[in-house]
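The structure presented is a predicted model; accordingly, all values stated were derived computationally and were not measured. Order of the sequence lines sets the chain letters (A, B, ...), proteins ahead of strands, with each chain counted from 1.
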Amino acid sequence: MPELPEVETTVRGLTPFLEGQRLVAVTTFRPDLRRPFPADLAQRLTGATVTSLSRRAKYGIVSTDRDDHMIFHLGMSGRWRTEGGEAGKHDHLLLETGAGHRLFLHDPRRFGSVDLVNGDPLALFPAFVTLGPEPLADDFDAAYLARALAGRRAPIKAMLLDQAIVAGLGNIYVCEALNLAKISPLKPAADVPRAKLAPLVHAIKAVLTAAIAAGGSTLRDFLSPEGDLGYFAKDWRVYGREDEACECGGTIVRTIQSGRSTFHCPKCQR
DNA sequence: CCGTGGTCCTGGGAGC
DNA sequence: TGCTCCCAGGACCACG
């Protein structure tokens, strides 16, 4: 499931194929993913030159010299295919560059999305306006988290999944960070001791940084932009490890919170 | 405002 | 072998 590290890896992987390149053809193979593609997507991108690629939360942004910004979300099974060839069943969008590269947006479950904004996307794209800070940025710190969680009775896990609190975490890295920081995912957010917030912030930054360094971890679906099947993360601390031993010697349990699986160790996470 | 739960979508694994 | 069932997940919306 592409979370922040996978999107970051994707953006970095796409950059050499797209930055400075003219888009000579843009093709959609169906009308929609989760939502319709912008009706004028191909018309507006064709002939434009890509000036930069960036990321906000779990979204990738491809910016052009027309001040158009294509914003993609990979959902749970999306990836960019850079090995070229012809469009397959689950290829839904194709970008062809002046250098001859053919980049397919491949998304079997179609949980992803593609939007197009003219002008500053951070100010104009609705989903960006309400986002909290980037977890790897300096303004995401213990003081911020203390303010954001004050009075909140929802479990800390739910709060960390809330993109308005912090932008880019998903189920896997929230479980991992909470285990590393030795905090129970079930604990009401406001009841997490103030002294544990700095370790929590540190843990979040650590798991994300490690995952980016590893090239973005993955479940079955994610492939790197280079198209290889690399980096299948086997080194999660708790995620997907029900009944296995935690580092502390306890046994990892799986519970359901808000309909989603949570993995944690009741012995060291309190 | 807050918290929770349903919904979208489809591939893949489990179970019969 | 082939069928059915159910789960995975982020974002968004409706509800109490």
Side-chain angles (χ1 to χ4, degrees), chain A residues 1-11 28-38 55-61 71-79 81 88-93 105-115 117 121 125-132 134-135 147-178 185-192 204 208 211 216-223 229 232-233 236 238-243 253-263:
Chain A
M1 317 309 153
E3 300 182 26
L4 185 155
E6 290 76 21
V7 180
E8 179 66 27
T9 303
T10 295
V11 165
T28 52
F29 299 102
R30 55 173 296 120
D32 57 8
L33 296 176
R34 285 207 68 197
R35 304 191 284 276
F37 287 113
R55 177 192 60 74
R56 176 73 168 112
K58 300 170 193 172
Y59 295 86
I61 307 171
I71 302 165
F72 65 85
H73 194 296
L74 297 174
M76 58 185 293
S77 59
R79 66 180 176 97
R81 227 169 43 75
K89 182 181 178 187
H90 300 301
D91 294 327
H92 309 308
L93 171 65
L105 179 59
H106 179 97
D107 188 359
R109 297 181 198 181
R110 303 209 307 270
F111 247 48
S113 61
V114 173
D115 292 280
V117 165
F125 185 54
F128 284 174
V129 176
T130 53
L131 286 178
E134 285 287 319
R147 285 195 303 278
L149 300 181
R152 303 298 297 266
R153 302 311 301 169
I156 183 66
K157 188 208 178 193
M159 291 291 92
L160 295 179
L161 285 173
D162 183 343
Q163 305 296 294
I165 301 282
V166 57
L169 298 180
N171 204 35
I172 294 173
Y173 294 114
V174 166
C175 290
E176 294 297 291
L178 286 169
L186 311 175
K187 199 171 192 62
D191 293 348
V192 176
I204 289 168
L208 295 177
S217 61
T218 175
L219 291 187
R220 299 164 195 85
D221 299 304
F222 180 78
L223 300 184
L229 280 157
F232 280 77
W236 286 321
V238 289
Y239 188 85
R241 293 184 175 269
E242 183 180 13
D243 295 332
V253 299
R254 173 176 173 269
T255 53
I256 302 294
Q257 290 181 279
S258 303
R260 298 283 185 255
S261 290
T262 295
F263 296 88

Quickly work out the A:D107 CG to B:dG11 C1' distance and round it to whole Å. 12 Å
Tell me, please, which residues at least two apart from A:K58 pass side-chain hydrogen bond (donor to acceptor under 3.5 Å, both in side chains). none
Could you give the OH-to-C1' distance, from A:Y59 to C:dG10, as a whole number of Å? 8 Å
Nucleotide by nucleotide, 5' to 3', does protein get under 4.0 Å of the base (B), only the sugar-phosphate (S), or neither (-) in nucleotides 3-10 of chain B, counting heavy atoms? SS--BBBB
Set of side-chain contact (heavy atoms from CB on, under 4.5 Å) partners for A:P155, sequence neighbours left out: A:A158, A:Q257
Specify the separation, in whole Å, of atom CG of A:D162 and atom C1' of B:dC2. 11 Å
List the residues meeting side-chain hydrogen bond (donor to acceptor under 3.5 Å, both in side chains) with A:E242, not counting sequence neighbours, and say none if there are none. none
Holding to side-chain hydrogen bond (donor to acceptor under 3.5 Å, both in side chains), I want the full list of residues that pass it with A:E134, two or more places apart in sequence or in another chain. A:R55, A:R56
When rounded to whole Å, the CG to P distance for the pair A:L74 and C:dA11 reads 11 Å
By salt bridge (charged side-chain N to carboxylate O under 4.0 Å, His left out) - contacts of A:R254 (at least two apart): none
Length of the CZ-C1' vector between A:R56 and C:dG10, whole Å: 16 Å
Take the protein atom CZ of A:R79 and the nucleotide atom P of C:dG10, then report the distance between them rounded to whole Å. 19 Å
Once side-chain hydrogen bond (donor to acceptor under 3.5 Å, both in side chains) is applied, do any residues pair with A:H106, and if so which ones, sequence neighbours excluded? A:D91
Check salt bridge (charged side-chain N to carboxylate O under 4.0 Å, His left out) between A:D191 and all other residues, then give those that pass, not counting sequence neighbours. A:R153
Any side-chain N or O of A:H73 below 4.0 angstrom from OP1/OP2 of C:dG10? no
Specify the separation, in whole Å, of atom CG of A:N171 and atom P of C:dA8. 9 Å
For A:A167 versus A:P135, what's the shortest heavy-atom pair and its separation? O-CD, 3.0 Å
Residues forming a salt bridge (charged side-chain N to carboxylate O under 4.0 Å, His left out) with A:R30, sequence neighbours excluded: A:D32
Bend angle of the helix from B:dC2-C:dG16 to B:dC16-C:dG2 from five-pair axes at both ends, rounded to 10°? 50°
With sequence neighbours left out, what residues match A:R34 under side-chain contact (heavy atoms from CB on, under 4.5 Å)? A:F111
Examine C:dA11: is either OP1 or OP2 under 4.0 Å from a nitrogen or oxygen in the side chain of A:Q163? Give yes or no. yes
For A:S261, report the nucleic acid contact type (base, sugar-phosphate, nothing); a contact means any heavy atom under 4.0 Å. sugar-phosphate
Smallest separation among heavy atoms of A:G75 and A:P2, with atom names: O-CD, 3.5 Å
Roughly how many Å is it from CG in A:D115 to P in C:dA11, rounded to a whole number? 13 Å
Please tabulate the protein-to-nucleotide N/O contacts below 3.5 Å involving nucleotides 13-16 of chain C, giving atom names and distances.
none

